[in-house]
Amino acid sequence: MSETACFLLDGNEIELPLIRGSEGETAVDISTLRSKTGAITLDIGYKNTGATTSAITFLDGEKGILRHRGYSIEELANNSCFLEVAYLLIFGELPNKQQYEQFETEVRRHTLVNEDMQNIFKAWPTKSHPMGQLTAMISSLSSFYPECLDPNQSKEDQKLTMIRLVAKMPTISAMLYKKSIGHPVVYPNNSLDYVSNFLNMTFKHITEDYEIDPIVVEAMNKLLILHADHEQNCSTSTVRMVGSSNANLYSCISAGIAALWGPLHGGANQQVIEMLERIKSDGGDATKYINKAKDKDDSFRLMGFGHRVYKNHDPRATIIKKSCDDILNKLGVNDPVFDIAKKLEETALADSYFIERKLFPNVDFYSGIIYRAIGFPIEMFTVLFALGRLPGWVAQWREMRDQNQPIGRPRQIYTGYAPRAFVPMANR
Ligand code: SDX
């Protein structure tokens, strides 16, 4: 006998089935609510509404828990490489040596992009934001691989599209950086591992050798793992929504990149550094800016703080903060905004406004400090978030396709005019 929830609506008792998740989460299945009652639910921003079941990522916001396919983010960040976690997210299991080497070989075979993409790049104004370019470049891949347009493509062709995205995202991301500084692109070097290849394409100058620093490789692997997936966040929900119309995967990922660009979402990592630089140039007074963030008449927000789900701490922020000290010391970088960030966190976490609203540093609060120490310009920060999130988006898209979900089409409550007669323009 399935468990149910009962409630009264207009004097009628309604029973709806309960769904229990494998970690004890509970949902009321309202899929028959409208047919039974004519009523719908309304939940602006989907703060209490599940869009799907999923076996990929589990979050417990109250306890600050994040797991991918059952493995804790702490263990993955400390023991895996990013491509290994990408495999785990997409295929559901940690790969053995043979599976990993085969996956790595398949990815290496597709790191090059069509030379015609250079022409698309040349069309962009020099100071274009890389996220706008990335959105377009990923969508343009459907032109080079039109077989992806068939929603009934074979599982093999579907896997090839996923591999192409994992393989080409670093190449395109590095091309964005080279374009921004007016330097020629550096092609993939498939003798390198995934992250080293990305760093080489990004930072190698075409006329010189580039020494790959293992400290930077380790830091990038960890940062990309920490961004890899995060259940039904704004950009992932966008990927799933676009995918539900049978749009091709490149278009779905392009839409996800567009959503991630928003300053309330992935774009926050760029905003954090801009905010810290503003505070530094204004004398570094953390208390002044904490008060501005609390002032409802002031539009200032403490970027990198707060989260829809985490009401304890963001485990990713904890790991990144710990890594900050380590990586900056190893790289011999002394970034004054790191001290300002730590002071802001200390002041905010002692302030009742932040305590009452359970506002803690999120994944974006410290990540930019490491990106900058490695040498990335601030405009590339959200591109790096997208690079990390790519396998999560692909995994969520694949799951949605495998679940054979219907096209996403939320309802609404209409609050406009009652019926009224048309008035010819001459009479208005
Ligand atoms: C990411 O969803 C995910 O999983 C996202 C992500 C992922 O991995 O995909 O984790 C990545 O997007 C992290 C979040 C990055 N964004 C920022 O750092 C931008 C700053 N943070 C906020 O704008 C906000 O906290 C959000 C957008 C993250 C969450 O917004 P919610 O859940 O809609 O919360 P809210 O805006 O309704 O805030 C609740 C209260 C409000 O005050 P009251 O109206 O109750 O008085 O908290 C206040 C807000 O004003 N508040 C803040 C604040 N964040 C929330 N006040 C000051 N500074 C902030 N940063």
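Indexing begins at 1, ligand by ligand and atom by atom, following the structure's order. Predicted, not measured: the structure shown is a model, and the values here were computed from it. Residue numbers run from 1 in the order of the sequence given.
Using a 30° and 60° split on the angle between ring planes, Trp261 and His129 fall in the tilted class, from 30° to 60°. Classification of the Phe338-Tyr366 ring pair by plane angle, with boundaries at 30° and 60°, yields perpendicular.
What you find for Ile374 and Ala219 is that their closest heavy atoms are CD1-CB, 4.4 Å.
Ranking the protein heavy atoms by distance from atom 17 (C) of ligand 1 puts Ala268 CB, 3.6 Å first. In terms of protein heavy atoms, atom 2 (O) of ligand 1 is closest to Asn233 CB, 3.5 Å. Among all protein heavy atoms, the one lying closest to atom 55 (C) of ligand 1 is Leu359 CD2, 3.6 Å. If you check which protein heavy atom lies closest to atom 28 (C) of ligand 1, you get Gly306 O, 3.6 Å. The protein heavy atom nearest to atom 16 (N) of ligand 1 is Leu264 O, 2.8 Å. Nearest protein neighbour of atom 60 (N) of ligand 1, counting heavy atoms only, is Leu302 O, 2.8 Å. If you check which protein heavy atom lies closest to atom 32 (O) of ligand 1, you get Arg308 NE, 2.7 Å. The protein heavy-atom contact nearest to atom 12 (O) of ligand 1 is His265 ND1, 2.8 Å.
Relative to atom 24 (C) of ligand 1, the option among Arg301, Arg389, Lys292, Lys311 with the closest non-hydrogen atom is Arg301. Closest heavy-atom approach to atom 5 (C) of ligand 1 among the candidates His227, Gln271, His307: His307. If you check each of Lys296, Arg316, Met303 against atom 41 (C) of ligand 1, the one with the closest non-hydrogen atom is Lys296.
Between Tyr250 and Phe144, the ring center distance fails the sub-6.0 Å criterion. Taking the six-membered ring where the residue is Trp, the centroids of His313 and His307 are separated by 6.0 Å or more.
The side chain of Lys47, and not its backbone, has at least one atom closer than 4.0 Å to an atom of ligand 1 (non-hydrogen atoms only; side chain from C-beta on). Of all the heavy atoms of Arg357, the ones lying under 4.0 Å from any atom of ligand 1 belong exclusively to the side chain. Counting heavy atoms under 4.0 Å from ligand 1, residue Asp314 does not touch it at all. Contact annotation: for Tyr353 versus ligand 1, heavy atoms closer than 4.0 Å belong to the side chain alone.
Put simply, atom 20 (C) of ligand 1 has protein non-hydrogen atoms near it, under 4.0 Å away. Protein heavy atoms are absent from the space less than 4.0 angstrom from atom 39 (C) of ligand 1. Atom 34 (O) of ligand 1 is not flagged as protein-proximal [any protein heavy atom, distance under 4.0 Å].
In this view, Asp351 and Lys294 satisfy the side chain to side chain donor-acceptor pair (under 3.5 Å) rule, not counting sequence neighbours.
Residue-ligand proximity: Glu231 is placed with every non-hydrogen atom at 4.0 Å or more from ligand 1.
In this model, no donor atom of one side chain and acceptor atom of the other lie less than 3.5 Å apart for Asn269 and Ser367. Side-chain contact, Glu93 with Gln99: no donor N or O sits under 3.5 Å from an acceptor N or O. The closest side-chain donor-acceptor pair between Asp29 and Ser31 falls under 3.5 angstrom. In the model, His230 has no side-chain atom that pairs as donor or acceptor with a side-chain atom of Thr57 under 3.5 Å.
Looking at Asp364 next to ligand 1, no N or O pair under 3.5 Å apart turns up. Remark: ligand 1 and Gly304 share an N or O pair separated by less than 3.5 Å (distance only, no angle test).
Remark: Lys330 engages Asp326 in a salt bridge, criterion side-chain N to carboxylate O under 4.0 Å. A salt bridge between Arg67 and Glu75 is absent, with no side-chain N of the basic residue lying under 4.0 Å from a carboxylate O of the acidic one.
Annotation: cation-pi geometry not satisfied between Arg389 and Phe385 (NZ/CZ under 6.0 angstrom from ring centroid, within 45° of ring axis).
Listed by number with element, the atoms of ligand 1 under 4.0 angstrom from any heavy atom of Ala293 are 57 (C).
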